[in-house]
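Reviewing the structure listed below.
Note on naming: letters A, B, ... go to the chains in the order of the sequence lines (proteins, then strands), and numbering restarts at 1 for each one. Nothing here was measured: the structure is a model prediction, and the numbers come from that model. Values reported hereafter were calculated over all heavy atoms of this structure, with side chains retained and with hydrogens, waters and symmetry mates removed.
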Amino acid sequence: MRARSIRGTGAVAAAASLAVAASACSAPGDGKNAGGAEDSAVVGIAYEPDTLSPLLGYGKDGNSKIFDGLLTHDADMKLKPALAAGLPKVGDDGRTYTFKLRKGVKFSDGKPFTSKDVVFTYETILDKKTNNAAKTELDAVKDVEAKGDDTVVFHLKYPYAPFAERTVLPIAPEHIAGKQDVNTGEFTTKPVGTGPYELVKWSKGEKLTFKANPGYWGGAPKVKNFTMAIIKDDDIRATRLDAGELDGAILPPNLAKKYQNDSNKKSYAAKTFDYRVVTLPTGNKVAGDIGIRRALDTGVDRKAMVDSILDGAGKEAYGPVPTDSPWFTKGTERGHDLAKAKKILDDAGWKPGMDGIREKDGVQAKFPLWYLSGDKLRQDHALAYASDAKKLGIKVEVQAGTWEVIEPRMPKDAVLAGGGSPADPDFDQYTLLKSSLAGDGFNNMAHYDNPQVDKALDKARESGDHAKRQAAYDTIQRELVKDPGYTFLTHIDHLYVVDKRFGDLTTQTEPHDHGLASGPWWNVEDWQPKQ
Amino acid sequence: MARMTGRRALFAVPVLLAVTFGVFAIAAASPFDPVKAYAGTAGLTASQENLDQLRANLGVDQPLVQRWWDWLTSAVHGDLGDSSTLRQPVADVIGERIGWSVLLAATAFLLAILVGTTLGVLAARRPGGWLDRAVTSLAYTLEAAPPFWIGLLAVWLFALKLGVLPSGGLTDTASSAVTAGQVASHLVLPAAVLAISQLPWFVLYVRQGVGDALGDDPVRGARARGLAERTVLLGHALRSGMLPVLTLIGSRVPELITGALLVETVFSWPGIAAATVSAATAVDFPLLAALTVLATAAVLLGNLLADLLYGLADPRVGFDG
């Protein structure tokens, strides 16, 4: 080739690269555009699931849109039957749970749902080879047995009262998921379930599009097309809501505020079990001291945190159970009382020393407090906590780090942690407070050790009797007043803004996780949009 | 020419081996824990036994060399392994995304070459003139501006203030179908931003090359023969002035890749960028290694292409001696 043909070569190369690009871009689409505005909804969320396979943990807390569990929660978080025909029969002193299954239910590919699918789902999750990080939650299950096509019996290793709450986890079809690699097969991104919606497309990092399942056993949803746009940045989410690209979105308090007087949009504040807490590790000479613990518990200004950090969208927390839950023990609220807190320290022998920091037996009242770097909300809580502690003469050194940095320090250093699971009080409290679980992964981060609490925790999960359980949780909450191994600070409301044309919506009590099903769209299949 | 290509391909093998081993070594030395990254929030309530089982299942309890060797041997047999972050085979991850990245990068690159050459030639015509000064100072300013910053600025101006172009994604949020029209309108901003970030180098190189060529004997001769200014400029000066640009095309490939990473992130473009970022922070070895091989191969190919083009354009330059 001579120099003369250089331009020709360039053009050929350019054309070739474009052709390659174009041919590689034939991404699958169903060829139809989204339906009219009245039967479609687009919401902005901040969180993207890692997988859509229930076998790997997707939708384990229920309400997954594509799938159904045996049971599900109503607006008040009460259990109601979904794929089961009724609530389970509990036998053998709380060791067996028997479910009758709903008849005539089909997966969205037309194949019938049977007891085999239930057994397959649970057995696969419990299989050691399945990379499901949440399988600890099914620890109580010994085995699952199918009796005919329409009955499933769970046999438990020990009596476990809240077990029915675990059966909200979605059921996968054995005829599809059973034929591929459970950890990486196509089912993890192209799921098929029995739920009100079918997945049209998951464009990772961008959005999930769903269409209504016309054959849904609960009736076809009115909102035919449902899109969840994944927008991690809060500001961009708010702007796209303003621009009309979104019909609804989750927003932090400062951004949600400006929609309060918007005539087209309605704001929703979902009550939650989502707490922020400071762990006071038993292994730390200062944080493990009962006087310090009680002084901090009385000396922190929770009200100020709710008002300033959360813009009022939340409430003061005194334990994992929020004050408005029926499980909360009235009378265990602790008011902010500096004088009382200082007196507790004086009585416990912590005397003011150099630089205003108290001392006892040559030990200075100071400990480090870690928070997850990049988490603004936790940073604000940690700084407020340190400033309150300083007024008492306790020096809390706030430091940021990733979990890799923080985890090895958990037995000695305090951590600004979060959690919350509304389905049953056992879910939070057992793992948070049981002494035998100290240092087991992220369980009992503070290495809390209180025999009274241990005993009450066991009693609370064994008994199926509500009054007995309530009494046990009352004991735990009262013990937490006497020996607060954690300083609970706030329960945080989750704020959402949604277009008014969808009418008045509801929210469920939400967990710490911002799952896909949180928010007013928890029951999008029941929405009645105005025409 | 064929010999040079062959020699380069042979040379690529040790380079790729070293690069992949480097990736495994750096990832192993990073403070990130792949098991934590895999488990996500569920890991915060998982028991230690559960986490240990995950570690074994994911194979990350193996020593570094062992992991690298396992990956390498199966990669040679065509199995790139499974991505732990995306719960998919690596081949699927790349297959789904690379087309979009290539489309974005190719569009931006073509745009940068075309606009860059035009501006460069215009600037070279009257060195020191107002156009030259404007173009040159703009190029220096853009050279200093990071692509993600230009990207955010473009989103602010065109999507938020003017509302004329979509702010991100491949298609409209509500649409589930991928149509050419949708993709084209969503491509405008990211491609323009990526092109702008590449533009300064082309402008400055062309301006310099064409400017020098205008002072050379052949051009002066052409002028003396009374050829039209247009013919002189495009037929003579540009052709010899383009030579340095050809080398530049190859050497811009790494910049183009990193620029595309940032631009894709800003515009939620579903290319391999998001996958690369998550693979790196989650210590997703198989995905990270495959993506690094791809990037390295692209750079090596870019250099080869530049040398080939240079040789073709100027027969005096041989192919690797």
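Considering all non-hydrogen atoms of both residues, A:Lys204 and B:Arg97 come closest at CB-NH2, 3.1 Å. When all heavy atoms of B:Ser47 and A:Asp440 are compared, the closest pair comes out as CB-OD2, 3.4 Å. Between B:Ala46 and A:Ala133 the shortest heavy-atom distance is CB-O, 3.3 Å. Of all non-hydrogen atoms in A:Asp181 and B:Asp82, the two that sit nearest each other are OD2-OD2, 4.2 Å.
Interface remark: A:Ala243 contributes no atoms to any contact with chain B (heavy atom separation under 4.5 Å). No part of A:Ile230 comes within reach of chain B, as not one of its non-hydrogen atoms sits under 4.5 angstrom from that chain. Looking at B:Phe109, there are no atoms closer than 4.5 Å to chain A (heavy atoms on both sides), in backbone or side chain. With a threshold of 4.5 angstrom between heavy atoms, B:Asp92 does not approach chain A through any atom at all. Contact annotation for A:Ser421: neither backbone nor side-chain heavy atoms come within less than 4.5 Å of a heavy atom of chain B. For A:Leu432, no part sits under 4.5 Å from any heavy atom of chain B, backbone or side chain. Proximity to chain B (any heavy atom under 4.5 Å) is shown, for A:Glu186, by neither the backbone nor the side chain.
Of the residues A:Thr184, A:Thr189, A:Asn183, the one that meets the side-chain contact (heavy atoms from CB on, under 4.5 Å) test with B:Gln88 is A:Thr189.
Partners of B:Lys36 under the side-chain hydrogen bond (donor to acceptor under 3.5 Å, both in side chains) rule, at least two apart in sequence or in another chain, are A:Glu407. Applying the salt bridge (Lys or Arg N to Asp or Glu O under 4.0 Å) test to A:Lys207 and every residue at least two apart in sequence or in another chain returns nothing.
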Apply the test side chain to side chain contact (heavy atoms under 4.5 Å, CB included) to residues B:Glu49 and A:Lys128: give CA-CA distance (whole Å), side-chain angles for both, the deciding distance (0.1 Å), then the verdict.
CA-CA 10 Å; B:Glu49 185 195 352; A:Lys128 275 193 185 329; 4.1 Å; yes

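Put simply, of A:Asp50, A:Val42, A:Thr188, A:Thr209, the one with the most heavy-atom pairs under 4.5 Å next to chain B is A:Asp50.
Within the 4.5 Å cutoff, side-chain heavy atoms of B:Thr171 are placed close to those of A:Glu206. Contact check for B:Trp156 versus A:Thr239: no side-chain heavy atoms found under the 4.5 Å cut-off.
To the nearest 0.5 Å, atom CG of residue A:Asn132 and atom CD of residue B:Gln53 are 11.5 Å apart.
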